[in-house]
Amino acid sequence: MVAARRSKGFTLLEILIAVILVGVSIAALVVANTSFTLANGTGADISTAEFLVEQIREMTATLPVMDPDTTNPTFGIEGGETTLADYDDVDDFDNFVFSPPIAADRTVLNDFPAFSQQVIVQNVSASNFDTVVGDGMSDFFRISVTVSLNGNQLSSTSWIRARY
């Protein structure tokens, strides 16, 4: 009886299966890399938005809520306050949108042109901070900051301040 001779190399079918497996593996890695890159970009945008919220919080932390120079407190921008540098109390920033955004020292952050910060200052009820009351009707204020990227909201945060 003659023994069957077996070749020592791979068959064409075995090579084809190996190439397909390597190709599928590379395709899966490319898809995963794309997903990770998108997630990383989104995380960086959210981190930047939180940074920009904190810039407004830091800027307003030491300011009085209402104008300290007038005997008759008014809500909003007082006469003579025409530039950002003139704003001397928190309520001056009500309904203001900064685009490009600003830093805590009021400098414009030109490196973030697609971002914007919107500040809203509202009087809230002393017994329920969710209830907005008329200007000057309470000693409590809610400051809300919304940060957007290309018009899409990324972050929104509010905090309460007392007048005194």
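One-based numbering along the sequence shown.
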Is the backbone N or O of Ser138 less than 3.5 Å from a side-chain atom of Asn123, with the two atoms forming a donor-acceptor pair by type? yes
Calculate, to the nearest 0.5 Å, the distance between atoms CG and OG1 belonging to Asp86 and Thr83 respectively. 3.5 Å
May I ask you to check whether over 12 heavy atoms, not counting those of Leu12, lie within 6.0 Å of atom CG? no
Please check if the side chain of Asp94 supplies one atom and the backbone of Val121 the other of a donor-acceptor pair under 3.5 Å. yes
Counting C-beta onward and ignoring hydrogens, is there a side-chain heavy-atom pair between Ile102 and Gln117 closer than 4.5 Å? yes
Any donor-acceptor pair under 3.5 Å linking the side chain of Gln153 with the backbone of Ser148? no
Verify side-chain contact (heavy atoms from CB on, under 4.5 Å) between Phe98 and Val108, making sure each step is shown before the conclusion. CA-CA 9 Å; Phe98 300 102; Val108 176; over 6 Å; no
With a 4.5 Å heavy-atom cut-off, do Asn95 and Ile120 have their side chains touching? yes
To the nearest 0.5 Å, what is the distance between CG on Asp105 and CD on Gln55? 8.0 Å
Parallel, tilted or perpendicular, as decided by the 30° and 60° cut-offs, for the rings of Tyr87 and Phe96: perpendicular
Met59-Trp159 co-clustered via ILVMFWY side chain contacts under 4.5 Å: yes
Testing the basics here: between Thr146 and Ser156, what is the closest heavy-atom pair and its distance to 0.1 Å? OG1-OG, 3.3 Å
Do Val124 and Val65 share a hydrophobic cluster (ILVMFWY, side-chain heavy atoms under 4.5 Å, transitive)? no
Atom of Ser155, atom of Glu50 and distance for their closest heavy-atom approach: OG-OE2, 2.5 Å
For Phe93 versus Leu63, what's the shortest heavy-atom pair and its separation? CE1-CD1, 3.7 Å
Ser47 side chain to Gly43 main-chain N or O, any donor-acceptor pair under 3.5 Å? no
Are Val90 and Phe141 in one and the same hydrophobic cluster, where Ile, Leu, Val, Met, Phe, Trp and Tyr link if side-chain heavy atoms are under 4.5 Å apart? yes
For the atom pair CD1 (Ile20) and CD1 (Ile15), what is the distance rounded to the nearest 0.5 Å? 12.5 Å
Side chains of Leu109 and Pro100: closer than 4.5 Å at any heavy-atom pair? no
Minimum heavy-atom separation for Val133 to Met137, with atom names? CG2-CB, 3.9 Å
Atom OG in Ser116, atom CG in Asn150: separation rounded to 0.5 Å? 9.0 Å
Phe115 and Leu84: same hydrophobic cluster, using ILVMFWY side-chain contacts below 4.5 Å? yes
Approximate separation, where rounding is to 0.5 Å, of Thr131 OG1 and Gln122 CD: 11.0 Å
Any chance you could measure Phe140, atom CZ, to Asn128, atom CG, to the nearest 0.5 Å? 12.0 Å
So if you build clusters from Ile, Leu, Val, Met, Phe, Trp, Tyr with side-chain heavy-atom gaps below 4.5 Å, do Val19 and Phe10 land together? yes
Just by distance, do the side chain of Thr60 and the backbone of Ile56 share a donor-acceptor pair under 3.5 Å? yes
Could you please spell out the steps behind the side-chain contact (heavy atoms from CB on, under 4.5 Å) verdict for Thr157 and Ile143? CA-CA 8 Å; Thr157 304; Ile143 303 161; over 6 Å; no
Strictly distance-based, threshold 3.5 Å: is any side-chain N or O of Arg142 a donor or acceptor partner for the main-chain N or O of Phe129? yes
